[in-house]
Number of protein chains: 2
Amino acid sequence: MAIRRSAALRESAEEYAAKRAQILVAAAKIFKEKGYAATSINDIAQASGVDRATLYYYVSKKQELFELVIRKPFLENVRFAESIANSQVSPTEKIRQFTIGLMNSFTSNYPDLYVYMQENLLQVTRDSEIAAMGRRFEAAITLIIQSGLKDGSFSIAAPPTMLMYALLGMLNWTHRWFKPTGKYASDEIGAIFADLVLGGLVRGALPRELDVRPIGIRRAD
Amino acid sequence: MAIRRSAALRESAEEYAAKRAQILVAAAKIFKEKGYAATSINDIAQASGVDRATLYYYVSKKQELFELVIRKPFLENVRFAESIANSQVSPTEKIRQFTIGLMNSFTSNYPDLYVYMQENLLQVTRDSEIAAMGRRFEAAITLIIQSGLKDGSFSIAAPPTMLMYALLGMLNWTHRWFKPTGKYASDEIGAIFADLVLGGLVRGALPRELDVRPIGIRRAD
């Protein structure tokens, strides 16, 4: 406590905020590398260049660090998805803007959003605000898809929720392989992903000469 | 040790194998619910109805349990993907068979394959055989996609590896929401996912009146 109090006396509010931000950056990096459960407060203290006692002067526990890392960028993405869902552009354009914009957010918030994505949220936090953000996010994407099914832009015959999970899966799985410093930029990947799903959304299933046959049964030709 | 030795004397090889299989079922269920890092050997012992000392008579450590849970179904899927990649059906049909077959494997091996999917493998095991399976699996899917790009079945302009990750992401992300007891069967989901991506793979990008505009710039109309 003596250390923490003396630190408080020396530090201005700006210095405190800067130090805390620096700890969040270190925490995000380690959460991403090791996973939430395997990360210790000691790991984060060490990576931040502070001792464990000092770290507790900036955050109360590991779970708070996780929530602080993800809350802001996640909320931005929820608002981004909702603004697209409520915009006046065509459903096709909505999918394209959402897909490219979400991929770009993974770059500009790297690795914070991936820290969220690689965890099963319920295994980490019961924070009701963050859970609510997840529901709003999925609802906004579902609304975008529904708008296309409703106005006839999309002709695929499928439940909107399943299509939402398909698109979200494609995007969220990038946490396993995408790096902002890699071969392809996030907006290139987003544009290709949009082409890929829009082909199916807009133009529906392929003609029936390519119809589904049971697995393991070969064609006669 | 006395307990373990006396158990060994009482148990036939069949009884041993049956008990071990029962422990694996319990382990898979808990790994799925809590995640690997947060699961303790005690959790698994408790769920299997044996004490911790007895559990060690069947497996050496938590990591071995994880590897035993995933190894067999994962290898089956690698061979399944390779058999499709090497088959004589059309690239479109390959995608369809792979997508439906993989979804069905999630049902028939529930939750074992999802235990694998929800973990970043390198955070759990450095087992080189399992890592090699992962590479074979991704290579087989990439080969399927390449076969379609090469023979002109697919007209999308995109790197095969990126398309592989898109398809894999869509499928693997089902670990967050799909349950075999849910509203839709795995083969229905697989067929819809196939329609969705084949629309883009086979027919390529949409006509240019729907071209990509920078995010945030509205259309004049």
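Since the structure is predicted, the reported quantities are computational estimates derived from the model, not experimental observations. Letters A, B, ... are given to chains in the order of the sequence lines, protein chains preceding strands, and every chain is numbered from 1. No hydrogens, no waters, no symmetry mates; every other heavy atom, side chains included, goes into these values.
Between the side chains of A:S40 and A:N42, no donor-acceptor pair of N or O atoms lies under 3.5 Å.
Residues of residues 109-129 of chain A lying within less than 4.5 angstrom of chain B, judged on heavy atoms, are A:M117, A:Q118, A:E119, A:N120, A:Q123 in numerical order.
Per-residue heavy-atom pair counts under 4.5 Å with chain B were compared for A:I84, A:L171, A:V197, and the maximum is reached by A:V197. Interface remark: of the candidates B:A194, B:G204, B:A38, B:G204 forms the most heavy-atom pairs closer than 4.5 Å to chain A. Residue with the most contacts toward chain A among B:W177, B:Y184, B:F193: B:W177 (heavy-atom pairs, distance under 4.5 Å). Contact tally against chain B (heavy-atom pairs below 4.5 Å) for A:P159, A:A37, A:A158, A:A166: the top residue is A:A166.
Atom CD of A:Q146 has more than 12 heavy atoms from other residues, nucleotides or ligands within 6.0 Å. Summarising the local packing, CD of A:E33 is surrounded by more than 12 heavy atoms from other residues, nucleotides or ligands at distances under 6.0 Å. Residue B:R52 places its CZ atom among more than 12 non-hydrogen atoms of other residues, nucleotides or ligands, all under 6.0 Å distant.
None of B:V50, B:L24, B:T39 except one satisfies the side chain to side chain contact (heavy atoms under 4.5 Å, CB included) rule with B:I44; the exception is B:T39.
One distance of note links CD1 of A:I145 with OG1 of A:T161; it measures 8.5 Å at 0.5 Å rounding.
Only the side chain of A:I156 comes within contact range of chain B, judged by heavy atoms closer than 4.5 Å.
Ring planes of B:F98 and B:F137: tilted class, angle from 30 to 60°.
A donor-acceptor distance shorter than 3.5 angstrom exists from the side chain of B:E188 to the backbone of B:A185, with no hydrogens or angles considered.
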